[in-house]
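Just so it is clear, the values below take in all heavy atoms, side chains as well, and ignore hydrogens, waters and symmetry mates.
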Amino acid sequence: MDWAAVPGRSFRCDTENTLCSLIFCFHSSQIDDKEFDIPQVDTPPTLESILNELEDEEEPFVLEDTCVLSTDNMDAHSCETSSLASSDSGDPAHLKRKRKTVDLNTTVHGSVLRHNLLKGISAQIVSAADKVDAGLPTAITVSSVIAVGTSHGLALVFDTNQALRLCLGTKTTGAEFGAVSALSINHDCSRLLCGFANGQITMWDLANGKLLRTITDAHPPGTAILHVKFTDDPTLAVCNDSGGSVFELAFRRMMGMRSCDSRCLFSGSKGEVCCIEPLRAPPDFRDHPITHHSLLAMASLTKILVIGLKPSLKVWMTFPYNKSDPSSVPQLAWHFVPVQKTVNPVLAFCKGDIVHFLLVKKEESGAIHVIKQRQLHLSCDIISLSWINSSTLVLVDSREKLLVVDRPSQEVLETLDLEQVQLVYNSRHFKSLATGGNVSQALALVGEKACYQSVSSYAGQIVYLGTKSAHIMTLRNWRERIDCLLKQDHFVEALSLSWSFHEGTAKAVVGLFGDTVKRKGVISDKMVEILCKFAEYALKKCPEQGKIQVMEQHFQDVVPVLVDYCLLLQRADLLFNQLYDRLVENMVAKGVFLEALESYIVVDRLGHLTTPIMRDLLAHYHDNGMMDSLERCIVHLDVTSLDIQQVVQVCWENQLYDAMIYIFNSGINDYLTPMESVFFSSWTDEEVVIGNKLLVYISCCLAGRAYPLGDIPEDLVVQVKNQVFEFLIRLHSADLSEEEEVFPFIRTLLHFDTREFLNVLAMTFEDFKNDKQALEYQQRIVDILLQVMVDNPDFIPSQVGGLFTFLARQLAKPDNTLFVNRNLFDQVLEFLCCPDDDSRHTERQQVLLELLQVGTVVQFNEGRLLALAEKAKFYQICEFLYEKQHLYDRIIDCYLRDPLRKVEIFSFIHNLLSMPGYSPEEKQTVKDKVLQHIQELVTLDPCKSADIVLLHFTQEVQQIISGLQVKLKVVKYLKLLAQTTEKYHHSEATAYLLEKKGDIDGAFSVLLEALRETLRLLTAGRQSKAEVAVKDSLSDIINLCNRSSHNLFQQQREALWFPLLETMMDSQKRVNKHDAKHTSEVLKELTMKVLNCMSSFISLPAIIQRILQDPVYGTGKLAELQGLILGMMDSFNYEQILLETTTNLLNHDLHWSLAHLRAAVTRGLHPRQDYCNICLQQYKRRQDSVEEIIVFICGHLYHVQCLQQKDSGCGISLAAHQQWNCFKCSSSHGGRGGPSIEPNRECSTSLAQVSIFVYDLFFYASFIDSFQYVKPTDRHTILQSILLTTTKQVFLPFSFIHSCSYANSGSRGMLEPIPAHIG
């Protein structure tokens, strides 16, 4: 090439020198203080003061996402561009090939970037250096042309065909200006700015290669140009020199003269900027409102700044770096990104391994908001950062590894090695070696890794400059990425990548246009092509010789993938026609294919097979003995796809009963033939499985469920149920023989498994309600069971006992319609109460108890039944009968004899002696019985025995003590109770016992009197022991007040605390002059302790008023009163902060709990029946009557009058929160309801087992209606209310919806203390 002939090589032009001067200011009031929580300051900061802040004082700033990226149009502004290169560098991705099944969660990206060597430009660079001594490349920039700067001051301009268009500059100017250190092309590609190592800047006309300006005084001399950048305004540019200063260059032309005005945006004397990046909008966004401000991002060694150059200079954002390596290079990159249906610029910046993102948008008011977004954390030191589209970044780390990162998912899509590129670094310019190296050590350290001028991005392309070459990176389109995998025979990965394109989950997608349906159609066609190629490849690569296992393994890696993607694409036709037709050519492939279908059939992904496939499937599974797998497939396939005759024959021959039942049921709606076919007169070990299947099948048919899965069609449910009943009660089978007995089917099932067959019938009978025909079947089956089993030696006693238990449960139902003759009923009772049979003792007792509860044995002799129950040790039955006869004292014997319920006797005694409704005579008999067995009770549990004696036997204490023969802990406790308070009069013990008794005032009076006595000794001058005694006494009484104040009202609290405060203040009047100062200080200190403690329970105004009324503080120095009140205020402030924090936490927790409770009670109650469970009559007995009913959580329903009569007036009136219990649920455990003295015991049903956790809806309503909103100052009330609410586990009533409401989440109130009667 004749370099002398290159146009523009010798052009020169002089420009006028201009001075660099600028004084600027900005108004900090326009910054959005709310957005960044910036406090108001008197003097707004300057740009230099911001940059000059010490790095050590800065805290790392945590970014938060404030918006959600829209992925629908993520690539709407990123299109595929034509490469400037002419060759492909290959695909370096290494992906695993072998896969047995498709894992849709596995992410495959393939080769995302196309890395091409710009051969033409690379050759010209080498040629220029060799032939004309142009020097090595130093800088590159790209637009619609590519410009490369050299170390000898030349700028080479290439067009899109990599042909050299211009060679700008001469070796003479290069010797004067030095190496080209920075390049920039304006937006219309008409001007080129060149910065030089010696500090000069030149502007060139790219149309003709003419030198338009030479700027020598735009910045201080002796510094190199690190960056020069055009803005969107063609008359405005910015530059950054090695002194760390930033300057604005304004180009003007007046009267044919070109000039350049320079103003300093930032002086490097206070801090050094090493990277600048103006916001340049692509052609589609030139009219974006944000472009009117000419935003400029600057990166110093400590922070990032975003400023606006227009209409006036203004700082919009400052952002400090996290702590990082001092040698890390700051990076800046702008890009317009679609966010929440709008497109706004996002600034990506980093220094080290964390990339930050700032979204910049302009409000309608004209203010600019800078919004921090999620950070990107990497494990490498980044030296280059570029956007390649709106969601993808390309980074280079200090090891020259190129990373392609998807910003929304923060996933690294691809990694390439740029070591062979041999990147050009800008270290000489950062060290300013051409001008004497007069730069700071920090900037020189950063310059070691600086390669700003070696990387340039434009329109989805990134160009990298090497020492002898230029390289370009572009995103591959979706087809190219798939084809790269196919070239390497990575079919599984290609299919996975294609499916991610299909589902819209792929990253960095290029080349897919149109709506979703059209895109999916294009991708589906591509996937079909890949599947066909994959099948051909598998057949071609199949080993022709070797073990059969090797061939099977080969196709097992292929066939599941083919099936999976055909089903995902809903292309069964492709699977069963084209692919299967190719695979059947290989017998091993055919077998693997047919066996692979099972896993898809059993999970209902494949429900229909073509006739040839089904025929081959049956033959293959049959020939290989895979009958269980065949059966699993048949019961999941559509019956219409089966050859019923062929399949039934295979099922009969191989005893595939599940499949046979499925075909008969679903294919021809025949539910009887399967049962007739599998009945046997006797059951061998091999046939036990069949018998169990038959029981399950009968249970499903009677319950309306299909066997083995699904449901019977609704129009066939009743018909099938009747058919099964008719089948079971047949007198004889179709194949009648002479030996066959009557009712062979029921007889066979009873012999096979009596218990399970009766359980099946019991579950079926549960659904018989208001169905006359079903009830007739029920009675008929029961009669047959009795006829077949009773007095039949073929059945052992345990089987007959199972029948009796079954009958008893049926008879115990409230809606029982069965009829059993009296003699047989007597047999049932005799069996249930048989003392010689220890088997299922608890079950037999429970069944008999249910019979008693529903009144079935009312006419039975109770005396005989009681005798039978005692012999059988049915103590719950005995308790039920004794309670009915009001023989409560004998119930104590039942508890003492029952090992399972012995510990519950204390609850029974306490409830009976505490509750109204029992006569004095009945209570006295119980007391006598307790005294009779007191020795046994004490041995059982001394503590609970002591509680019973303390509550109900206060007059008999001495009698009980004298009657006990063994010295136990309870004896010591009772002696202490009887003797301590009467003989020794010890104040602490007396106060303790009074407090336990509930007499708080009495305990307080005792301790207060003791405190006054010790204070008299102290004020009298006896300080040796009196001071310690005062402190101990005061501590005791303060502890008492703290414990008691939680459960007292405000007036009661004042009655405790104010007398104590007055006692302490009065004692200060009696201080003797002798050593008065020390004693006074002690008393004031103790008084302050009282004030601090009482401030938690008494309002501050009330305390101050009481203090000011005291004569001790009525006179004297203000300092004394000031110190006391300030101490109170400090305590108050501390507790106020603590209370506010606690209240906020409790408000949140309470709101969450009540919201869930409210959601629970909004569900309606569904009564189990429409009659009362006591009188067994309809709940509305007369049309004109209005009767109150109670519905419990368990679903049982009662008349109020029936409950009152049943409990014999054992409760309080309903208006006083009657604590009703469900009679049926309580009686099922043999007792009656009432409060228990053991709140931690589980819910039970007898008088001894009643738990306070059981409430009816009326009690719930009054409980919740008692909640009132109060001020959040009473924290102890809050804690008590929440504790009670959570530990009682109450259920909220429907009235809660109307009685409780919240204005908003910030004004939730607290709950008043729960009324005392609830506990």
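- Closest approach of L166 and L206 over heavy atoms only: CD1-O, 3.5 Å.
- A donor-acceptor contact shorter than 3.5 Å is absent between the side chain of S143 and the backbone of C189.
- S427 contributes a side-chain N or O that, together with a main-chain N or O of G447, makes up a donor-acceptor pair within less than 3.5 Å.
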Worksheet item: Are L118 and F158 close enough, and set up right, to give a side chain to side chain contact (heavy atoms under 4.5 Å, CB included), and what steps lead you there?
Response: CA-CA 11 Å; L118 298 179; F158 302 89; over 6 Å; no
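- No donor-acceptor pair under 3.5 Å is formed between the side chain of E480 and the backbone N or O of S111.
- No more than 12 heavy atoms of other residues, nucleotides or ligands shown are found within 6.0 angstrom of CG on D287.
- Under the 4.5 Å side-chain criterion, counting only non-hydrogen atoms from C-beta, S390 is in contact with H335.
- Listed for the N426 side chain is a donor-acceptor partner under 3.5 Å among the backbone atoms of Y452.
- Across S184 and R280, no two heavy atoms sit closer than the pair OG-NH1, 4.0 Å.
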Discussion item. Walk me through whether K431 and E448 qualify under salt bridge (Lys or Arg N to Asp or Glu O under 4.0 Å).
Written reply: CA-CA 9 Å; K431 296 177 181 180; E448 293 291 341; 2.4 Å; yes
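- Note that CG of L569 is 6.5 Å distant from CG of L531, once rounded to the nearest 0.5 Å.
- Within the 4.5 Å cutoff, the side chain of L117 has heavy atoms near those of the S469 side chain.
- Here the closest heavy-atom approach between residue T415 and residue K401 is recorded as CG2-CB, 4.4 Å.
- With values rounded to the nearest 0.5 angstrom, W499 atom CH2 is found 5.0 Å from H502 atom NE2.
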Worksheet item: Between Y425 and F430, does a ring pair (Phe, Tyr, Trp, His ring centres under 6.0 Å) hold up when you go through it step by step?
Response: CA-CA 10 Å; Y425 289 87; F430 271 78; over 10 Å; no
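- For S181 (side chain) and G195 (main-chain N/O), a donor-acceptor pair under 3.5 Å exists by modelled atom type.
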Fill in: Verdict with reasoning, Q124 to L156, per side chain to side chain contact (heavy atoms under 4.5 Å, CB included)
CA-CA 9 Å; Q124 297 282 7; L156 311 179; 5.7 Å; no
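- Using cut-offs of 30° and 60° for the angle between ring planes, the W387 and F357 rings count as perpendicular.
- In plain terms, the two heavy atoms of T505 and K507 that are nearest each other are O-NZ, 3.2 Å.
- Annotation: side chain of R407 is in contact with side chain of V337 (closest heavy-atom distance under 4.5 Å).
- Residues L385 and E277 form no side-chain contact, since every pair of their non-hydrogen atoms from C-beta on lies 4.5 Å or further apart.
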Worksheet item: Yes or no on side-chain hydrogen bond (donor to acceptor under 3.5 Å, both in side chains) for H109 and E411, after CA distance, side-chain angles and deciding distance?
Response: CA-CA 10 Å; H109 303 297; E411 185 177 357; 2.8 Å; yes
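- Inspection of the D325 and S327 side chains reveals an N or O donor paired with an N or O acceptor under 3.5 Å.
- With rounding to the nearest 0.5 angstrom, the CH2 atom of W204 is 13.5 Å from the CZ atom of R213.
- Residues S456 and L465 are not in side-chain contact: their nearest non-hydrogen atoms beyond the backbone lie 4.5 Å or more apart.
- Expressed to the nearest 0.5 Å, how far CD1 of I354 lies from CG of L378 amounts to 9.0 Å.
- The backbone N or O of R191 lies less than 3.5 Å from a partner atom in the side chain of N186, making a donor-acceptor pair.
- Checking each of K468, H471, E400 against V421 for a side chain to side chain contact (heavy atoms under 4.5 Å, CB included) leaves exactly one that passes, namely H471.
- Judged by distance alone, with hydrogens and angles left aside, the side-chain atoms of D233 form no donor-acceptor pair with the main-chain N or O of S294 at under 3.5 Å.
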Worksheet item: When you look at V112 and R476, which way does the side chain to side chain contact (heavy atoms under 4.5 Å, CB included) test go after all the steps?
Response: CA-CA 6 Å; V112 178; R476 298 182 187 271; over 6 Å; no
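- S151 places a side-chain N or O within donor-acceptor distance of the main-chain N or O of L136, the cut-off being under 3.5 Å.
- Within the 4.5 Å cutoff, no side-chain heavy atoms of V558 are placed close to those of F491.
- Judged by distance alone, with hydrogens and angles left aside, the side-chain atoms of D159 form no donor-acceptor pair with the main-chain N or O of R165 at under 3.5 Å.
- To the nearest 0.5 angstrom, M527 atom CE is 12.0 Å from C532 atom SG.
- Nearest heavy-atom pair, T138 versus V180, reported as atom, atom and distance to 0.1 Å: OG1-O, 2.5 Å.
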Worksheet entry | Check against salt bridge (Lys or Arg N to Asp or Glu O under 4.0 Å), K449 and D381 | CA-CA 10 Å; K449 302 177 184 177; D381 186 16; 2.5 Å; yes
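- At a threshold of 4.5 Å between non-hydrogen side-chain atoms, the residues M298 and I304 do not count as touching.
- Listed here is the closest heavy atom pair of R286 and T291: O-OG1, 3.3 Å.
- Aromatic ring orientation, F349 versus Y321: tilted (interplanar angle from 30° to 60°).
- Qualifying salt bridge (Lys or Arg N to Asp or Glu O under 4.0 Å) partners for E503, counting only residues two or more places apart in sequence or in other chains: none.
- For the side chain to side chain contact (heavy atoms under 4.5 Å, CB included) criterion with L249, the lone passing option out of V238, I201, T231, L236 is I201.
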Discussion item. I'd like to know whether F177 forms a side chain to side chain contact (heavy atoms under 4.5 Å, CB included) with T202, so could you lay out the CA-CA distance, the side-chain angles of the two residues, the decisive distance to 0.1 Å, and finally the verdict.
Written reply: CA-CA 10 Å; F177 294 166; T202 61; 3.9 Å; yes
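- Counting only distance, with no hydrogens or angles, the side chain of N240 and the backbone of V273 share a donor-acceptor pair below 3.5 Å.
- The only member of K533, R114, K526 that meets salt bridge (Lys or Arg N to Asp or Glu O under 4.0 Å) when paired with D483 is K526.
- Between F534 and V492 the shortest side-chain heavy-atom distance falls below 4.5 Å.
- Atoms CG and NE2, from L376 and H356 in turn, are 10.0 Å apart once rounded to the nearest 0.5 Å.
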